[in-house]
Structures are given as C-alpha cells and as structure tokens.
Amino acid sequence: MSPRRVSLCTLPTPCHLLPELVPGAEVWIKRDDLTGFAMGGNKGRKLEFLLADLQDRGVEIVVSCGATQSNFIRQLAAACRIGGIEFHAVVMDLPFDSDAGKPAYTPRAHNGNRLLTEKFGAHLHVMPDDDWEVLYSHMERIAEDLRTRGVVEVIPVGGSTYLGAYAFTLAAKELDQPFDHIVFASSSGSTHVGLATAFAQTKTRIHGIAVDPEPGLIHDFAALSTSLANQLGFPALASSDFVLDMRFVGEGYGVPSPEGEAALHSLLSSTGIVLDSTYTAKAYAGLLHLVTSGELTGKILFWHTGGTPLIFAEP
Ligand SMILES: *Cc1c(COP(=O)(O)O)cnc(C)c1O
C-alpha cells in the first residue's frame with residue numbers, strides 16, 4: 001500500500017531549458033525552489049508524507065534539529081503549524097564535522113529561515129556551535145524531557161527517513177523526457193536516495209554535489225536505501241551506487257565558497273533565478289565545472305532544491 005500524503009506543494013514543479021552555458025551542452029533546470037509550500041524547496045515534498053504519517057500515528061509533539069538557518073526546520077515548522085502539532089527545533093548556528101574541523105565563520109543572522117521558523121510558531125532551542133553528533137544528542141535529550149507531556153516523535157535531520165526518500169522517487173516521475181545526468185545538492189540523503197532509486201535501471205546518471213565535508217555520508221545513504229527497500233519494497237542500493245562529488249564543499253557546511261558565490265551571481269544575472277550559498281550555489285558551481293570541463297555531456301538536468309530564504313540570512 002502506498003503511504004498516505006497530505007497535499008502541501010504545487011506539483012509538478014516547472015522544468016525548463018537554461019540559456020546555453022557551453023556550446024553544445026543542453027542544461028535544463030527543475031524548479032523545486034517553486035514547490036510553493038512555506039517559500040518552496042525540496043523539503044516540502046518529503047513533508048507531504050511525513051505530516052500524513054505524524055497525523056496517522058497521533059503524534060502531538062515533534063522534535064528535530066539542524067542549523068539555525070535550516071530550510072528543513074523552516075518547512076517542518078510550517079507543516080507542524082498546519083497539522084496542529086507542537087514543534088521543537090534544536091539548532092546550532094553552525095554545526096560542523098569535527099574530523100573536517102570547525103570553520104572560521106560565524107553566521108548569526110536572525111532573519112531568513114530563522115525568522116520564518118519563529119513565525120510558524122516553533123520552539124527554538126539554540127545550542128552553542130559543536131559537532132553534529134553533539135547536536136543529535138541534545139535533540140534526543142530534549143525529546144526525552146518532552147515525553148512526559150505527550151506523544152513525541154523525533155524527525156531526523158533533513159527529513160531523511162524512508163518517507164522522504166519515497167517522495168523523491170515520485171518527484172522523478174514528473175520528468176517527461178529522459179536526461180543523461182541529473183545534478184543537485186546532496187546532504188542528508190533522501191533527495192539522493194529517492195532519485196538514485198528511481199533511475200537505477202535507466203541510462204540517467206545521478207550526480208550529487210556534496211555540501212558537507214563528509215565522504216562517509218554514502219554509507220548513510222545506503223542505510224536509508226535499505227530502509228526504503230524494507231518498508232516499501234524498492235530495490236536496495238549500496239554505498240558504491242552513490243556518486244557524491246566532494247570537490248565543491250569549500251570550507252564546510254553553511255560556509256559560502258568563492259566558486260559557489262560566482263555561480264550564484266552567474267545564474268542570477270543570466271536568468272533571474274536565485275540560488276542559496278549553502279546548497280544550490282555549490283551544486284551549480286559543480287554543474288558549471290562538470291559541463292565546461294566536458295566531464296558531463298549530453299542532456300543535463302540541474303535540480304534546483306530551493307533554499308531561497310537563505311539569501312536574506314547573510315551575516
Ligand atoms: C536540504 C536541502 C538539500 C539537500 O537535500 P537532502 O535530501 O537533505 O540531501 C539541498 N538543497 C536545499 C536547498 C536543501 O534545503
């Protein structure tokens with residue numbers, strides 16, 4: 001039986017050709033910046049299934065975590081507001097990966113996603129910057145405390161459960177023409193797992209651009225794929241099935257990169273389409289490199305995953 005879905009987004013999102021970047025290269029763009037829910041982005045697709053599941057299981061309090069400027073936290077706050085569910089967001093301004101090191105950058109904006117998250121009525125628990133693992137343990141502790149007050153559900157970072165991945169297997173079906181390559185910003189994994197699953201038996205190659213300095217994420221993607229296989233019967237993928245291109249991360253998650261900023265300005269100036277510094281600008285910088293170097297040829301789709309409110313969160 002397919003999972004129940006609440007309608008939040010305006011689907012299908014548009015898909016159109018970009019002006020010629022390189023002679024001979026044909027690059028299209030899938031506009032998930034225009035999903036229409038709580039200012040758009042890829043998380044709206046996941047939340048259609050996540051919210052239905054929360055409602056079906058009678059969840060009263062939701063706890064999740066991310067960066068203070070998280071797109072997922074913003075859209076989850078909106079979904080909980082609509083569903084009448086109390087929402088607690090455990091956040092850090094700049095969570096980081098200790099192995100890669102703490103970046104010398106401090107985003108402290110109170111506008112952008114944070115402003116919207118507050119407007120949607122979330123309870124914000126702001127923690128000092130630390131490793132992601134520390135953020136996860138704060139989240140578990142806060143969730144434990146809340147369990148005395150009602151039915152609590154913890155939603156993992158980015159909404160990357162099997163339902164989130166399932167939403168992207170369906171998103172893939174919106175494409176009405178074949179592409180040789182699909183390029184996009186990959187992070188918590190459900191976008192990547194959903195697309196890779198949907199195109200596994202086709203000629204379309206899925207090229208995720210990493211925005212976290214953690215090559216090991218492909219093992220988390222494989223675990224998520226196993227969960228999607230167990231819950232809904234899709235074929236499971238192995239870590240080696242995921243292409244996660246590490247070359248465009250820059251100094252770390254949430255830290256703008258010079259290539260990303262140049263790519264952002266290039267798309268903005270040629271089309272009026274806005275990218276964000278954390279995800280889509282780095283992915284588009286990757287795409288420009290892949291196309292101009294001839295690493296990718298043929299018909300290419302850039303999947304714009306959203307993040308537009310981040311443009312208003314410059315420190
Ligand atoms: C969350 C997010 C991504 C990454 O999607 P995942 O499913 O978490 O990998 C990419 N772009 C934007 C704008 C996002 O908010």
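The basis for the numbers below is simple: all heavy atoms, side chains too, and nothing from hydrogens, waters or symmetry mates. Counting starts at 1 for both ligands and their atoms, following the listed order.
Checking only distances, Lys43 does come within under 3.5 Å of ligand 1, N or O to N or O. Ligand 1 has an N or O atom lying under 3.5 Å from an N or O atom of Gly189, backbone or side chain. Distances between N or O atoms of Lys46 and those of ligand 1 include at least one value under 3.5 Å. Residue Ser160 has no N or O atom closer than 3.5 Å to an N or O atom of ligand 1. Geometrically, ligand 1 and Ser186 share no nitrogen or oxygen pair separated by less than 3.5 Å.
In summary, the atoms of ligand 1 found under 4.0 Å from a heavy atom of Thr305, numbered by their order in the structure, are 10 (C), 11 (N), 12 (C), 13 (C). For ligand 1, the atoms lying closer than 4.0 Å to a non-hydrogen atom of Asn71 are 13 (C), 14 (C), 15 (O). Taking every non-hydrogen atom of Thr191 and a distance limit under 4.0 Å, the qualifying atoms of ligand 1 come out as 5 (O), 6 (P), 7 (O). Atoms of ligand 1 found under 4.0 Å from any heavy atom of Gly307, numbered from 1 in the order shown, are 13 (C).
The CG atom of Asp245 lies 13.0 Å from the NZ atom of Lys282; values are rounded to the nearest 0.5 Å. Expressed to the nearest 0.5 Å, how far CZ of Phe87 lies from OG1 of Thr117 amounts to 7.5 Å.
By the 30° and 60° cut-offs, the orientation of the rings of His125 relative to His88 is tilted.
Side-chain polar atoms of Asn42 and Arg45 form no donor-acceptor pair below 3.5 angstrom. For His304 and Thr280, the side-chain atoms include no donor-acceptor pair closer than 3.5 Å.
At least one heavy atom of Ser190 sits closer than 4.0 Å to an atom of ligand 1.
Only the side chain of Asn42 comes within 4.0 Å of ligand 1, counting heavy atoms alone; its backbone N, CA, C and O stay farther away.
The distance between the ring centers of Phe184 and His192 falls below 6.0 angstrom.
Here the protein heavy atom with the shortest distance to atom 8 (O) of ligand 1 is Ser188 OG, 2.5 Å. Of the protein's non-hydrogen atoms, the one nearest atom 4 (C) of ligand 1 is Ala185 O, 3.6 Å. Nearest protein heavy-atom neighbour of atom 9 (O) of ligand 1: Ser187 N, 2.8 Å.
Under the 3.5 Å distance criterion, the side-chain polar atoms of Thr169 are matched with a main-chain donor or acceptor of Tyr166.
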>> salt bridge (Lys or Arg N to Asp or Glu O under 4.0 Å), that's the test. Do Glu144 and Arg141 meet it? Break it down for me.
In response: CA-CA 5 Å; Glu144 207 43 55; Arg141 179 178 46 79; over 6 Å; no
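With Asp212 as reference, Leu217 is the one residue of Leu244, Val249, Leu217 to meet the side-chain contact (heavy atoms from CB on, under 4.5 Å) rule.
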